[in-house]
Undergrad: 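For reference, the structure I am asking about is given below.
All figures in this text were calculated on a predicted structure; none of them were measured in a lab. Below, chain A is the first sequence line, B the second, and so on; all start at residue 1. Both backbone and side-chain heavy atoms feed into the values below; hydrogens, waters and symmetry mates do not.
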Amino acid sequence: MSFCILGTGSALPSRIITNDDLSQMVDTSDEWIRTRTGITERRVCTTETITDLAFQAAQKALADSGSSADELDLIICATISADYATPSMACTLQMQLGATCPAFDLNAACTGFIYALDVAAGYFSRRPDQKILVVAAEAMSRLVDWQDRGTCVLFGDGAGAAVLGKGEDLLAIQIGAKGNITSLYAPNGWGNSPFRSETMAKSYLHMDGQEVFRFAVTSMVQTVEQVLAEANLTKEDIAYLIPHQANIRILDSAVNRLNLPQEKCLTNIAKRGNTSAACVAILLDEANQTGKFKKGDLLAMTAFGGGLTTGACILRWSK
Amino acid sequence: MSTFEKVVEILVEAKDLEAGNITETSTWDDLGLDSLDTVELVMSVEDAFGVSLEMDETMQTVGDVVKAIEALK
């Protein structure tokens, strides 16, 4: 019914954009961005594509897990900003990795990694002995309006990956959705269809910051409490909270309401910004690579995002 | 406890403010609160009073929030 994490990986673009860089482009300041968001810099794709980053993250995760691509039984990519509408990012990766398994993308915006873990858990319940590669990769720089100071300062690009294998470490997982097309959305373009009469909103990401703030804090608190209850645990049992990195103020507020010690909440938003679905996957890998986790540690992950979607899970670290 | 006292208690608890510095005429600026702080305040007020509030431009002071809560109670 469950799985374990065999290995993780992540990859970032080389170009760093600081708050001062953004102050040259839109009417904002380092002080405003830092106090409102906790972000000091973010990575943005220049010559590399998001498929390149997904590939690098996947290769690192495979190496960390001691697996080869031909052992994979499934590839799931969580993304809303892939290079192609078709083929999927997962199929492109399958080709690049030299894997032969089925591969598909999944769209749950910033909750994508946790949705993908839930989907993977379904496949493991059908056949416990297999290996699944989950990759969350986003080029948010493709979606944001670089003239909108309210959104372009928040996001970054990056990819995170995990190889899942036979095990019993997923102790609880919940995903949810509350359909909404006004709080957080990014319309697709219409191409050059001569038959389309209405013009859509610009295909940039739009966000009602205050509305999303409320949704984020409420849903993070609720989903973490739900998965703790489902796993028959209390918050004292949790070694680390690995939350979606949307805004340090959201994290502070949620951690405060959950009554968790601040040091249990992992964050990398200062240097990474919000990389949508990739946030939780990158944060997980960075903590793994720096040796933060001990065998047996219980990790709580939680995310929320466009959809509106929510998700949370409790994972035992057994690497 | 009056509605005002309860709102002060919420502000002190959430934002580390000195109760003595908060009056009904205190603006968010006076208290050093930005827009996200006021969203958080509204959320805490909703939890504490069991009401549903919309933060808008008419709510500029602590007294404005107190009045909005009392109108809904």
Undergrad: Distance-only check: which donor-acceptor pairs under 3.5 Å involve side-chain atoms of residues 9-19 of chain B, not counting sequence neighbours?
TA:
unit_1: B:Glu9; atom_1: OE2; unit_2: B:Lys6; atom_2: NZ; d: 3.2
unit_1: B:Lys15; atom_1: NZ; unit_2: B:Asp37; atom_2: OD1; d: 3.0
unit_1: B:Lys15; atom_1: NZ; unit_2: B:Glu40; atom_2: OE1; d: 2.9

Undergrad: I would like to know whether A:Asn247 and B:Leu36 meet side chain to side chain contact (heavy atoms under 4.5 Å, CB included); could you show each step before the answer?
TA: CA-CA 11 Å; A:Asn247 186 322; B:Leu36 293 181; 3.9 Å; yes
Undergrad: Going from CD on A:Gln210 to OG1 on B:Thr38, what distance comes out if it is rounded to the nearest 0.5 angstrom?
TA: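 With rounding to 0.5 Å, CD (A:Gln210) is 5.5 Å from OG1 (B:Thr38).
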Undergrad: With a 4.5 angstrom heavy-atom cut-off, which part of A:Arg257 approaches chain B: side chain, backbone, both or neither?
TA: side chain
Undergrad: More than 12 heavy atoms of other residues, nucleotides or ligands under 6.0 Å from CD1 of A:Ile181: is that the case?
TA: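 12 or below, so no.
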Undergrad: Can you list the residues that meet the salt bridge (charged side-chain N to carboxylate O under 4.0 Å, His left out) rule with B:Lys67, with sequence neighbours excluded?
TA: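 B:Lys67 satisfies salt bridge (charged side-chain N to carboxylate O under 4.0 Å, His left out) with B:Asp64 once adjacent residues are dropped.
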Undergrad: Identify the heavy atoms of B:Leu53 and A:Arg214 that sit nearest to each other, and give their distance.
TA: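 Here B:Leu53 and A:Arg214 meet closest at O-NH1, 3.5 Å.
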Undergrad: List for me each residue that meets salt bridge (charged side-chain N to carboxylate O under 4.0 Å, His left out) alongside A:Asp208, sequence neighbours excluded, and say none if there are none.
TA: none
Undergrad: Any non-hydrogen side-chain atom of B:Asp34 less than 4.5 Å from a side-chain atom of A:Arg249?
TA: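 They are in side-chain contact.
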Undergrad: Chain A contacts: which residues in residues 43-52 of chain B have a non-hydrogen atom closer than 4.5 Å to it?
TA: B:Met43, B:Ser44, B:Glu46, B:Asp47
